[in-house]
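Here is the structure we will look at.
Each chain gets a letter, A, B and so on, in the order the sequences are listed, and its residues count up from 1.
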2 protein chains.
Amino acid sequence: MAKSDAQTPRERYRTQVRAEIKEHAWEQIATAGASALSLNAIAKRMGMSGPALYRYYAGRDELITELIRDAYRSLADRLHSAFAEGADLAVLAHTLRAWALEDPQRYLLIYGTPVPGYHAPDDITRISSETMATLLDACAKLPPDSPATPFDAHLADHRDWADGHPAPPAVLHRALRFWTRLHGVLSLELAGHFTGMGFDPALLFAAELDDLLAH
Amino acid sequence: MAKSDAQTPRERYRTQVRAEIKEHAWEQIATAGASALSLNAIAKRMGMSGPALYRYYAGRDELITELIRDAYRSLADRLHSAFAEGADLAVLAHTLRAWALEDPQRYLLIYGTPVPGYHAPDDITRISSETMATLLDACAKLPPDSPATPFDAHLADHRDWADGHPAPPAVLHRALRFWTRLHGVLSLELAGHFTGMGFDPALLFAAELDDLLAH
DNA sequence: GGGCTGCGTGATAACTTCTAACGGAACTTT
DNA sequence: AAAGTTCCGTTAGAAGTTATCACGCAGCCC
């Protein structure tokens with residue numbers, strides 16, 4: 001707290017403007033999607049003209065990367081704090097869904113269609129693995145009841161992604177199941193593929209969650 | 001076969017050029033993503049200059065809509081013909097995965113992040129429900145073994161999306177499970193979220209399929 | 001208070017989609 | 001076969017976009 005608090009007025013202003021830019025960017029993404037994000041439009045809404053934004057972000061890519069980083073950070077924090085407060089897998093699942101519905105485009109920015117050329121910086125994948133770690137912790141708390149599958153054996157030999165987590169292969173498998181199944185329901189719901197089908201997406205989500213927990 | 005074959009030379013040429021445009025568009029989408037689709041670039045690659053494309057497509061949106069339609073059509077045909085040749089749910093699932101891996105961006109164009117403002121024309125949703133119909137047919141062939149869930153009861157009252165299909169609620173539920181779970185694994189794989197994790201996505205897909213069939 | 005740092009501006013370049021007006025080629029009709 | 005019509009591809013241009021540059025001025029630091 002010695003240096004980081006001692007921001008010069010210029011640094012204060014800079015971080016504040018950067019935050020304001022991101023705020024407008026999120027607003028724009030929520031209404032028109034990430035691909036329609038326009039630096040010009042953001043600048044005009046903030047009262048400045050065009051190239052001024054380049055003082056704060058090197059370009060569109062850097063801004064989007066920062067938004068992706070923030071999204072990962074937000075999700076990781078939300079899940080981690082929920083788990084720290086004693087949430088089990090069911091509560092974590094609903095926490096995830098609530099976070100996703102809060103801002104669908106934010107979820108889709110992380111888990112939606114990627115830009116083919118784009119590669120996330122290392123620190124982003126590190127945040128992502130934080131989320132995976134809490135998921136693994138939560139899965140490890142459940143009693144082991146599922147019989148070993150061939151895929152479990154495969155995971156025993158390919159567990160680098162667990163990043164040193166001591167969970168047995170069955171738990172790794174359970175975590176992957178949670179991730180992929182919840183994402184399956186959630187992403188289709190957020191993409192609007194359930195609209196007009198008549199049923200309640202929340203109930204389908206709950207049904208999948210029941211299946212996962214009953215396993 | 002009286003009139004539809006009797007294309008005037010101009011109609012022939014027109015449909016051929018439209019097809020060629022789409023071909024270049026797919027190529028471009030596969031390498032740079034749908035958001036980077038440039039009419040100008042397509043025109044230049046075809047040896048014509050810019051605005052000539054507007055003779056064939058009213059604009060970027062119409063071209064993309066047609067690509068989406070083709071993608072839905074391709075998937076519906078692939079699954080339908082597989083089912084007609086006797087494929088069961090397991091084969092259908094692998095047919096889906098093979099189709100998706102053939103051109104990941106084509107799958108993501110359908111099931112990936114949607115443009116917030118965009119609404120698909122009616123004929124596209126009709127093609128989509130064709131796919132759902134074959135999935136329901138395949139699910140109906142399996143012996144009913146799963147106990148009724150609360151969500152089944154909900155589906156009994158919200159089955160408009162089945163479009164008159166006579167399958168019982170448990171089968172509807174099974175179809176939704178197939179759809180969401182396979183999409184969950186597949187979309188994460190195609191989006192590259194498994195790269196660097198070490199395990200084989202094909203085995204995870206197979207494990208999920210086993211789970212679905214063992215239910 | 002003087003001097004350096006850095007912010008915001010307008011001008012430019014190279015893109016994009018998309019409209020409009022024109023010339024010419026190809027097909028249709030007489 | 002010749003005239004007429006339709007439709008294609010062109011160039012020119014408007015309104016956007018991202019991004020770079022040089023300039024002026026304000027604010028911060030010493």
Original post:
Could you give the CZ-to-C1' distance, from B:R12 to D:dC7, as a whole number of Å?
Top reply: 18 Å
Original post:
Can you tell me if NE2 on A:H165 sees more than 12 non-hydrogen neighbours from other groups inside 6.0 Å?
Top reply: yes
Subject >> Donor-acceptor under 3.5 Å (B:H154 side chain, A:D200 main chain) >> reply: yes
Protein N or O to nucleotides 26-30 of chain C N or O, pairs below 3.5 Å:
from: C:dA26; atom 1: N3; to: B:R10; atom 2: NH2; distance (Å): 3.2

Original post:
Which residues, if any, of residues 14-30 of chain B bring a heavy atom under 4.0 Å of DNA chain C?
Top reply: none
**OP:** Would you classify B:Y57 as touching base, sugar-phosphate or nothing, given that sugar-phosphate means primed atoms plus P, OP1 and OP2, and contacts are heavy atoms under 4.0 Å?
**Re:** nothing
Subject >> A:T113 backbone acceptor or donor facing B:T113 side chain under 3.5 Å >> reply: yes
Subject >> A:Y118 and A:T65: CA distance, side-chain angles, deciding distance, side chain to side chain donor-acceptor pair (under 3.5 Å) verdict >> reply: CA-CA 10 Å; A:Y118 182 80; A:T65 296; 3.0 Å; yes
**OP:** Dump the intermediate steps for side chain to side chain contact (heavy atoms under 4.5 Å, CB included) on A:I64 and A:V115, then the final yes or no.
**Re:** CA-CA 11 Å; A:I64 288 189; A:V115 178; over 6 Å; no
Subject >> side-chain N/O A:Y13 vs D:dG27 OP1/OP2, d < 4.0 Å >> reply: no
**OP:** Take nucleotides 9-17 of chain C nucleotide by nucleotide from the 5' end and write B, S or -, depending on whether a protein heavy atom sits under 4.0 Å from the base, only from the sugar-phosphate, or from neither.
**Re:** BBB----SB
Original post:
Could you give the CG-to-C1' distance, from A:L63 to D:dT18, as a whole number of Å?
Top reply: 13 Å
**OP:** Indicate yes or no: does B:R73 engage B:D77 in a salt bridge with an N to O separation below 4.0 Å.
**Re:** yes
Subject >> A:Y56 OH - C:dT5 P separation (whole Å) >> reply: 18 Å
**OP:** Kindly check if the number of other-residue, nucleotide or ligand heavy atoms within 6.0 Å of NE2 (B:H24) is above 12?
**Re:** yes
**OP:** Rounded to the nearest 0.5 Å, what's the gap from CH2 on B:W26 to OG1 on B:T31? Could you check?
**Re:** 12.5 Å
**OP:** Could you check whether the rings of B:H183 and A:H183 sit parallel, tilted or perpendicular, using 30° and 60° as the cut-offs?
**Re:** parallel
Original post:
Could A:D123 and A:R69 be called an ion pair, given the rule that one side-chain N must be under 4.0 Å from one carboxylate O?
Top reply: yes
Original post:
Would you say the side-chain atoms of B:R60 pair up with the backbone N or O of B:L37, donor to acceptor, closer than 3.5 Å?
Top reply: yes
